[in-house]
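Please read all numbers here as calculations on a predicted model, not as lab measurements. As the structure lists them, so they are numbered: ligands from 1, and atoms in each ligand from 1.
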Amino acid sequence: MEKVLILGATGNIGALAADRLVRENVSLRLVSSRESGVKSLRERFPTAEVQQADWYDPASLKAAMRGVDRLFIVTPDFVTDETVVTPNIIDAVREAGSVSQIVRLTAIPPGLKATDISREVLATRCGAAQHMVAKPLLDASGLPITYLNVACWIMFNLSWYLAEPVKTQQQLLMPAVTDARRRWVSEEDIADVIARILTDTPEEHIGQDYLMTGAEQFDYQDVAQLLSDVTGKTITYVDDDSMLKTSMGDYFDALMTYYTHESRDYLSVPASDAKLKILGVRQTTLAEYLAQNIAMFI
Ligand SMILES: NC(=O)c1ccc[n+]([C@@H]2O[C@H](COP(=O)([O-])OP(=O)(O)OC[C@H]3O[C@@H](n4cnc5c(N)ncnc54)[C@H](OP(=O)(O)O)[C@@H]3O)[C@@H](O)[C@H]2O)c1
């Protein structure tokens, strides 16, 4: 039976993808760099192999890659040095010699190049600033790769810094300088697509760079209106950075720098329903997601 390795399995997307692969009886190897992460993976995925490995430690990464057939990679914003992590992953895949497909989550507005964004934005290692470093290295490796390019907001952002003040103050709080008309994709849809790509034959998807965005663009006023419709209360958008500051902590300044590029360069990202293309089922709209998760907001 094929073995699928997930690097980033304790994370939001990695764990949701693992949930689906477990349901499909796929043989999984899940990795965390932390002991506590290993423990939580063992509890949540008792049928999976779990290993401790750190992508800054080539030996541990090579041990995790041994005997693996397929690989899914998701790396976190702000902290990932892709100039080290991606070459380490490529080396480990080459040494294993068994990997028939790598699936990598990216977020790059189509056509955008590293030279189009400032050094300050690149230094944030957030979003495209991170993925535009990894992708050329993976492309040049000649390895069998499929990209899922989620060049928009993931709906789980709502739970981190938007939902609480909606619930307690009927206000959507975000700094106005970050406002833009954006597309949104649900994390559940992303996980569905990744699981399908990893369970189809690799040849169906190798060499593809699937763009996954939402059908519609929404600015903060639009999101507040959708929230009003769903909750039946008047939700007001307010120019306020307090909630974002609290939830981002030390990364707040880097995120604000990142937004100077994000709020500009994502405006022209087209609609692209990767779930419809790959699974034949259309993606969840933001209104549907808000309705499904109404408990977050009331
Ligand atoms: N938020 C958005 O709207 C949005 C939109 C589009 C794309 N994205 C992209 O989504 C990605 C983040 O996805 P996510 O939220 O699922 O990530 P996440 O929850 O932050 O998970 C990151 C994973 O990386 C693992 N990791 C961290 N350091 C490691 C190390 N040294 N060695 C091995 N593993 C390590 C973590 O595992 P351990 O800590 O257990 O080792 C964790 O499982 C980013 O690339 C971002 O650009 C986000």
Side-chain angles (χ1 to χ4, degrees), residues 5-19 29-42 44-45 50-65 71-82 84-86 88-89 92 103-109 121 124-135 147-162 174 178 180 182-191 193-194 210-214 218 244 247-248 251 254-255 258-259 261-263 265-266 269 272 274 286 289:
L5 170 65
I6 300 182
L7 295 177
T10 56
N12 299 297
I13 304 288
L16 289 175
D19 280 338
R29 183 175 299 158
L30 306 177
V31 156
S32 170
S33 62
R34 300 166 294 118
E35 264 179 44
S36 59
V38 166
K39 186 169 175 284
S40 71
L41 287 173
R42 289 207 170 109
R44 179 162 171 177
F45 302 104
V50 177
Q51 284 190 23
Q52 190 163 353
D54 187 325
W55 48 46
Y56 293 102
D57 169 17
S60 68
L61 197 53
K62 286 175 181 175
M65 205 72 74
L71 168 62
F72 173 50
I73 312 165
V74 53
T75 56
D77 288 321
F78 303 114
V79 295
T80 310
D81 183 350
E82 297 280 5
V84 176
V85 170
T86 298
N88 283 349
I89 292 172
V103 180
R104 160 81 196 210
L105 186 85
T106 58
I108 307 175
V121 170
T124 65
R125 292 179 175 164
C126 183
Q130 159 200 11
H131 302 293
M132 284 194 298
V133 176
K135 188 169 183 293
Y147 296 102
L148 185 64
N149 184 16
V150 183
C152 62
W153 275 26
I154 301 176
M155 294 178 190
F156 60 37
N157 290 348
L158 284 158
S159 62
W160 296 341
Y161 42 78
L162 296 175
M174 276 299 277
T178 68
R182 297 184 170 91
R183 300 185 188 280
W184 295 67
V185 164
S186 106
E187 59 276 15
E188 303 286 343
D189 285 343
I190 296 171
V193 169
I194 289 162
Y210 294 114
L211 179 65
M212 185 168 192
T213 65
F218 301 100
L244 189 64
S247 60
M248 294 311 295
Y251 297 116
L255 183 65
Y258 166 74
Y259 276 138
H261 123 80
E262 190 266 358
S263 57
D265 293 328
Y266 282 68
V269 172
S272 177
L286 185 55
Y289 182 93

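- One distance of note links CG of Leu148 with CG of Leu105; it measures 6.0 Å at 0.5 Å rounding.
- A donor-acceptor pair under 3.5 Å is formed between the side chain of Arg183 and the backbone N or O of Gly214.
- Closest of all the heavy-atom pairs between Ala180 and Ser263 is CB-O, 3.5 Å.
- Only the side chain of Leu105 comes within 4.0 Å of ligand 1, counting heavy atoms alone; its backbone N, CA, C and O stay farther away.
- In this structure, atom 16 (O) of ligand 1 lies nearest to the protein heavy atom Ile13 N, 2.8 Å.
- In terms of polar-atom proximity, defined here as any N/O pair under 3.5 Å, Phe156 makes no such contact with ligand 1.
- Judged by distance alone, the side chain of Glu82 and the main-chain N or O of Val133 form no donor-acceptor pair under 3.5 Å.
- Listed by number with element, the atoms of ligand 1 under 4.0 angstrom from any heavy atom of Gln130 are 45 (O), 47 (O).
- The shortest N or O to N or O distance between Gly14 and ligand 1 is not under 3.5 Å.
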Review point. Do Met212 and Val193 pass the side-chain contact (heavy atoms from CB on, under 4.5 Å) test, and can you show the C-alpha distance, the side-chain angles, and the key distance before you say yes or no?
Key: CA-CA 9 Å; Met212 185 168 192; Val193 169; 3.7 Å; yes

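- At a heavy-atom distance under 4.0 Å, only side-chain atoms of Ala107, from C-beta outward, approach ligand 1.
- The single protein non-hydrogen atom nearest to atom 39 (O) of ligand 1 is Arg34 NE, 2.8 Å, given as residue, atom name and distance.
- Looking at ligand 1, you'll find an N or O of Ile154 within less than 3.5 Å of one of its N or O atoms.
- Of the protein's non-hydrogen atoms, the one nearest atom 23 (C) of ligand 1 is Gly8 CA, 3.6 Å.
- In terms of protein heavy atoms, atom 6 (C) of ligand 1 is closest to Val150 O, 3.1 Å.
- Close contacts of ligand 1 with Gly127, meaning ligand atoms under 4.0 Å from a residue heavy atom, involve 47 (O).
- Which parts of ligand 1 touch Trp153 is read off a 4.0 Å heavy-atom cut-off, strictly below it: atoms 3 (O).
- At a heavy-atom distance under 4.0 Å, only backbone atoms of Ala9 (N, CA, C or O) approach ligand 1.
- At a 3.5 angstrom cut-off on N or O pairs, Tyr56 does not count as close to ligand 1.
- The single protein non-hydrogen atom nearest to atom 5 (C) of ligand 1 is Cys152 O, 3.0 Å, given as residue, atom name and distance.
- Here the protein heavy atom with the shortest distance to atom 18 (P) of ligand 1 is Gly11 CA, 3.9 Å.
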### Task
Walk me through it: do Leu7 and Leu61 pass the test side-chain contact (heavy atoms from CB on, under 4.5 Å)?
CA-CA 9 Å; Leu7 295 177; Leu61 197 53; 4.1 Å; yes

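- Close N/O approach between Ser32 and ligand 1 is found [any backbone or side-chain N/O within under 3.5 Å].
- With hydrogens and angles ignored, the 3.5 Å screen pairs a side-chain donor or acceptor of Ser272 with a backbone N or O of Leu211.
- The distance from ligand 1 to the heavy atoms of Thr10 drops below 4.0 Å at these ligand atoms: 36 (C), 37 (O), 38 (P), 40 (O), 42 (C), 43 (O).
- When all heavy atoms of Gly14 and Ile6 are compared, the pair lying nearest together is O-CD1, 3.9 Å.
- Neither the backbone nor the side chain of Ala151 has a heavy atom within less than 4.0 Å of ligand 1.
- By the salt bridge (Lys or Arg N to Asp or Glu O under 4.0 Å) test, Arg42 pairs with no residue at all, sequence neighbours left out.
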Go through the steps to decide whether Arg104 and His131 satisfy the test side-chain contact (heavy atoms from CB on, under 4.5 Å), and finish with yes or no. CA-CA 10 Å; Arg104 160 81 196 210; His131 302 293; 2.8 Å; yes

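- Among protein heavy atoms, the minimum distance from atom 32 (N) of ligand 1 is reached at Trp55 N, 3.0 Å.
- In terms of modelled atom types and a separation under 3.5 Å, the side chain of Glu262 and the main chain of Gly127 share no donor-acceptor contact.
- None of Tyr259, Phe78, Tyr258, Tyr161 except one satisfies the ring pair (Phe, Tyr, Trp, His ring centres under 6.0 Å) rule with Tyr251; the exception is Phe78.
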* To do: Evaluate the side-chain contact (heavy atoms from CB on, under 4.5 Å) criterion for residues Ile13 and Phe156: first the C-alpha distance (whole Å), next the side-chain angles of each, then the deciding distance (0.1 Å), finally the verdict.
  => CA-CA 10 Å; Ile13 304 288; Phe156 60 37; 3.8 Å; yes

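- For ligand 1 and Ala53, the ligand atoms under 4.0 Å from any heavy atom of the residue are 32 (N), 33 (C).
- For the pair Arg182 (side chain) and Tyr266 (backbone), a donor-acceptor distance under 3.5 Å is absent.
- Residue Thr75 holds the heavy atom nearest to atom 12 (C) of ligand 1 of all those in Val185, Thr75, Asn12.
- At the shortest separation from atom 31 (N) of ligand 1 among protein heavy atoms lies Asp54 OD1, 2.9 Å.
- Residue Asn157 touches ligand 1 through its side chain alone, judged by heavy-atom distances below 4.0 Å.
- In this structure Ser33 satisfies the side-chain hydrogen bond (donor to acceptor under 3.5 Å, both in side chains) test with no other residue, sequence neighbours excluded.
- Residue His131 places a heavy atom less than 4.0 Å from ligand 1.
- For ligand 1, the atoms lying closer than 4.0 Å to a non-hydrogen atom of Pro76 are 20 (O), 22 (C), 24 (O), 27 (C).
- In terms of polar-atom proximity, defined here as any N/O pair under 3.5 Å, Asp77 does make such a contact with ligand 1.
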